[in-house]
Amino acid sequence: MSDRQTKTDVILIGAGIMSATLGTLLKELAPDWEITVFEKLPSAGEESSNEWNNAGTGHAALCELNYTVEKSDGSIDISKAIKINEQFQVSKQFWSYLVSSNLIRNPHEFIMPLPHMSLVQGEKNVEFLNKRFKALSTNLLFKGMEFSDDPAKLKEWIPLIMNGRTSNEPIAATKIDSGTDVNFGALTRLLLSHLENKGVDIHYKHSVDDIKRTGDGSWELKVRNTTNGAVERHNAKFVFIGGGGGSLHLLQKSGIPEGKRIGGFPVSGLFMVCTNPDIVEQHHAKVYGKAPVGAPPMSVPHLDTRYIDNKKSLLFGPFAGFSPKFLKTGSMFDLITSVKPHNLVTMLAAGAKNIPLTKYLIQQVMLSKEKRMEDLRDFVPDAKSEDWDLVVAGQRVQVIKDTADGRGTLQFGTEVISAADGSIAALLGASPGASTAVHVMLEVIKKCFPQHLEAWEPKIKIMIPSYGVSLLDHPELIDDIHHSTARTLGLHSELQPVM
Ligand SMILES: Cc1cc2nc3c(=O)[nH]c(=O)nc-3n(C[C@H](O)[C@H](O)[C@H](O)COP(=O)(O)OP(=O)(O)OC[C@H]3O[C@@H](n4cnc5c(N)ncnc54)[C@H](O)[C@@H]3O)c2cc1C
């Protein structure tokens, strides 16, 4: 046991994309502040943010059908799609600022242009897609979206999916070339190495085991060095709990009232990875389908070109499943130990309400590789089992809380939970996730540092020109941002990267 003790301005728990983004923003806004990071694993971006643990979609609502819901009168509600698209524009502007200021280099290490497509089959679904296309394509944020129900055109767009297709069912797709594949693992590592260069103190193999408020209102963390078991105490005026799936337990340890009556519902994932380079070469898009009725949004596998380890890859998934772990490297007791007296009723209510979902996820876990190949063959009719391997993806922990819809309601978004005095904040939830990290971390800044906002705003606007305004209210900004981010990040579709 060591008696090492430190005092610092900011402690970030976890070296995932969220802490990396918050640390980078704070270093730009308050360069003199001392920041310390504790990460229990040996390196950065090893959990959900790792490239093999998430789908790498730059979520801008260009292809995800669950962001555009059909209303009872048959019209399409695009409000959520607009919100997510605007949030992704915020991320792109910040990344672009970092590249143009030489704070990070080589944008193609973490972001690539890639068409985003939605694909549906069956008359009703084709009708839905067409209505969605009409609602979105007239909106400036979705400019350039194309629709086709012509099999010859679709063969041009997605030969791998159309070859060998014998069904006569109507089929249609939308395509937009301004989509992206984002390697959030690479981006996390770039941001942390930039922070290290700026003097941020980063401790890997250090697990935060407890968080307590001290008499002067700051926070004391009990940190365990996982190499030698030594226990250290570290104190900070502000703590961000960016532990991904590990955040709920840490939030509970802090004891803040805002963290009570909240639970977590873990969802595991699996990808199928194509091992045949000839097949990988035949596809160039992210292709999202429609979730079957009753299935949760995260259970819609998609066929994605990915850029991982400087190589083009092809992944299908993620297949959702159930595991009681809250982190991929977590414990089988994570779920049970997250149940506390204050969230027991909320958790029981959620348990009762979500029996069908839990059953569905458990059934999904049990599926054999051959069964998963059948799902893949809905996308790639000629897929051969020997060309595909299974890999385990990351864990997501969906938030459970009491809402106007009742006790124990499962949430599919992300939530920032912060103490009333702004001295601690945690990020819970999983979706749309990493793509909106910059928007979500700006929310943390707004909630926790209101006293500095006025002074920081001019710098935030340099980094993110659309900060504080809706792009749709300022159409002149849309083209500007689109062109400048595309130029800086190398996202012009005609500028195909050389791998
Ligand atoms: C299957 C899947 C697919 C996804 N697809 C997409 C997608 O296509 N697009 C998208 O934008 N998002 C996607 N997401 C979501 C996205 O991956 C997450 O929102 C994002 O990575 C979360 O980042 P984070 O920094 O909060 O968590 P993480 O990346 O999980 O980082 C948390 C870190 O905290 C550490 N930690 C935890 N507890 C402690 C502790 N007590 N002490 C010290 N360190 C600790 C962990 O080891 C970890 O390194 C997906 C997620 C999954 C699981």
Side-chain angles (χ1 to χ4, degrees), residues 10-28 35 37-60 84 87-99 103-104 106-107 109-112 180-196 198 200 202 204 240-248 250 269 298 306-308 318 326-329 393-397 413-416 425-445 463-464 489:
V10 172
I11 288 182
L12 307 173
I13 307 177
I17 188 69
M18 297 298 170
S19 289
T21 303
L22 182 59
T24 308
L25 281 165
L26 287 177
K27 256 292 150 220
E28 291 305 291
I35 302 180
V37 180
F38 294 108
E39 164 57 55
K40 67 176 174 184
L41 298 178
S43 51
E46 286 300 310
E47 274 284 345
S48 289
S49 302
N50 186 270
E51 48 273 47
W52 287 105
N53 289 343
N54 64 65
T57 304
H59 285 302
I84 289 169
Q87 292 176 359
F88 189 60
Q89 306 302 332
V90 168
S91 291
K92 281 204 302 190
Q93 290 171 74
F94 184 57
W95 300 337
S96 201
Y97 162 80
L98 294 175
V99 171
L103 299 177
I104 58 175
N106 304 333
E109 271 182 32
F110 71 90
I111 190 164
M112 291 292 213
T180 52
D181 177 59
V182 185
N183 184 328
F184 292 109
L187 178 59
T188 304
R189 293 187 291 273
L190 283 171
L191 293 179
L192 278 147
S193 103
H194 151 69
L195 287 176
E196 208 158 11
K198 290 267 172 184
V200 169
I202 305 178
Y204 294 107
F240 173 64
I241 307 177
S247 291
L248 180 62
L250 290 166
M298 81 293 268
R306 300 281 306 277
Y307 293 95
I308 300 180
F326 278 10
L327 288 163
K328 194 169 165 180
T329 57
Q395 284 289 114
R396 302 184 225 218
V397 181
T414 42
E415 299 220 12
V416 175
L427 181 74
L428 303 180
S431 182
S435 304
T436 54
V438 183
H439 164 84
V440 181
M441 291 305 106
L442 283 171
E443 202 186 315
V444 169
I445 288 177
M463 301 190 291
I464 301 152
L489 298 174

Note to self: Would you say that Leu26 contacts Ile445 through its side chain, given a criterion of any heavy-atom pair below 4.5 Å between the two side chains?
What the structure shows: yes

Checklist line | Nearest non-hydrogen partners of Tyr307 and Asn183, listed with the distance | finding: O-ND2, 3.6 Å

Check: Nearest 0.5 Å, what's the CG-CZ distance between Leu427 and Phe240?
Finding: 5.0 Å

Check: Among Glu51, Glu109, Glu39, which residue meets the salt bridge (charged side-chain N to carboxylate O under 4.0 Å, His left out) test with Arg189?
Finding: Glu51

Item checked: Side-chain touch Thr188/Asn50, heavy atoms, less than 4.5 angstrom -> no

Note to self: Main chain of Asn53, side chain of Ser48: is a donor-acceptor contact present, judged purely on distance under 3.5 Å?
What the structure shows: no

Checklist line | Exercise: identify the closest heavy-atom pair between Ala15 and Val37 | finding: CB-CG1, 4.4 Å

Item checked: Any side-chain heavy-atom pair of Leu187 and Ile104 under 4.5 Å -> yes

Check: Quick one: ring-ring contact (aromatic ring centres under 6.0 Å, His included) partners of Phe326, sequence neighbours excluded?
Finding: His249

Notebook entry, point to check: If you look at every heavy atom in Leu192 and Ala44, which pair is closest and at what distance?
Noted result: CD1-CB, 3.4 Å

Item checked: Side-chain donor or acceptor of Asn54 paired with backbone N/O of Gly394 under 3.5 Å -> no

Checklist line | Residues that Phe88 engages under ring-ring contact (aromatic ring centres under 6.0 Å, His included), provided they are two or more places apart | finding: Trp95

Checklist line | Sidechain-backbone polar pair: Ser19 side chain, Ile13 backbone, donor-acceptor under 3.5 Å | finding: yes

Next item on the list: Report yes if some heavy atom in the side chain of Val438 is under 4.5 Å from a heavy atom in the side chain of Gln93; otherwise report no.
Entry: no

Check: Hey, what do you get for CD1 (Ile111) to CG (Asp181), rounding to the nearest 0.5 Å?
Finding: 8.5 Å

Next item on the list: Give, for atom CZ of Phe94 and atom NE2 of His439, the distance between the pair rounded to the nearest 0.5 Å.
Entry: 14.5 Å

Checklist line | Heavy-atom closest pair, residues Ser247 and Ile241 | finding: OG-O, 3.4 Å

Next item on the list: With sequence neighbours excluded, tell me which residues meet side-chain hydrogen bond (donor to acceptor under 3.5 Å, both in side chains) with His194.
Entry: none

Check: Taking all atoms of both residues into account, what is the closest heavy-atom pair of Ser435 and Ser91, and its distance?
Finding: O-OG, 2.6 Å

Check: For the atom pair CG (Leu191) and OG1 (Thr24), what is the distance rounded to the nearest 0.5 Å?
Finding: 4.0 Å

Note to self: Within this structure, what is the CE-CG distance for the pair Met463 and Leu442, rounded to the nearest 0.5 Å?
What the structure shows: 7.0 Å

Next item on the list: Not counting sequence neighbours, which residues clear side-chain hydrogen bond (donor to acceptor under 3.5 Å, both in side chains) with Lys27? List them please.
Entry: none

Note to self: I'd like to check Val440 versus Val416 (side-chain heavy atoms, cut-off strictly below 4.5 Å). Are they in contact?
What the structure shows: yes

Next item on the list: May I have the step-by-step check of side-chain contact (heavy atoms from CB on, under 4.5 Å) for Ile35 and Leu195, ending in yes or no?
Entry: CA-CA 9 Å; Ile35 302 180; Leu195 287 176; 5.5 Å; no

Next item on the list: Under the side-chain hydrogen bond (donor to acceptor under 3.5 Å, both in side chains) rule, collect the residues that match up with Thr329, sequence neighbours excluded.
Entry: Glu47

Notebook entry, point to check: Heavy atoms, side chains only, cut-off 4.5 Å: are Thr414 and Glu443 in contact?
Noted result: no

Notebook entry, point to check: What pairs with Ala437 under side chain to side chain contact (heavy atoms under 4.5 Å, CB included), at least two apart in sequence or on another chain?
Noted result: Ile17, Met18, Thr21

Next item on the list: Supply the atom-to-atom distance Gln87 CD to Gln89 CD, rounded to the nearest 0.5 angstrom.
Entry: 11.0 Å

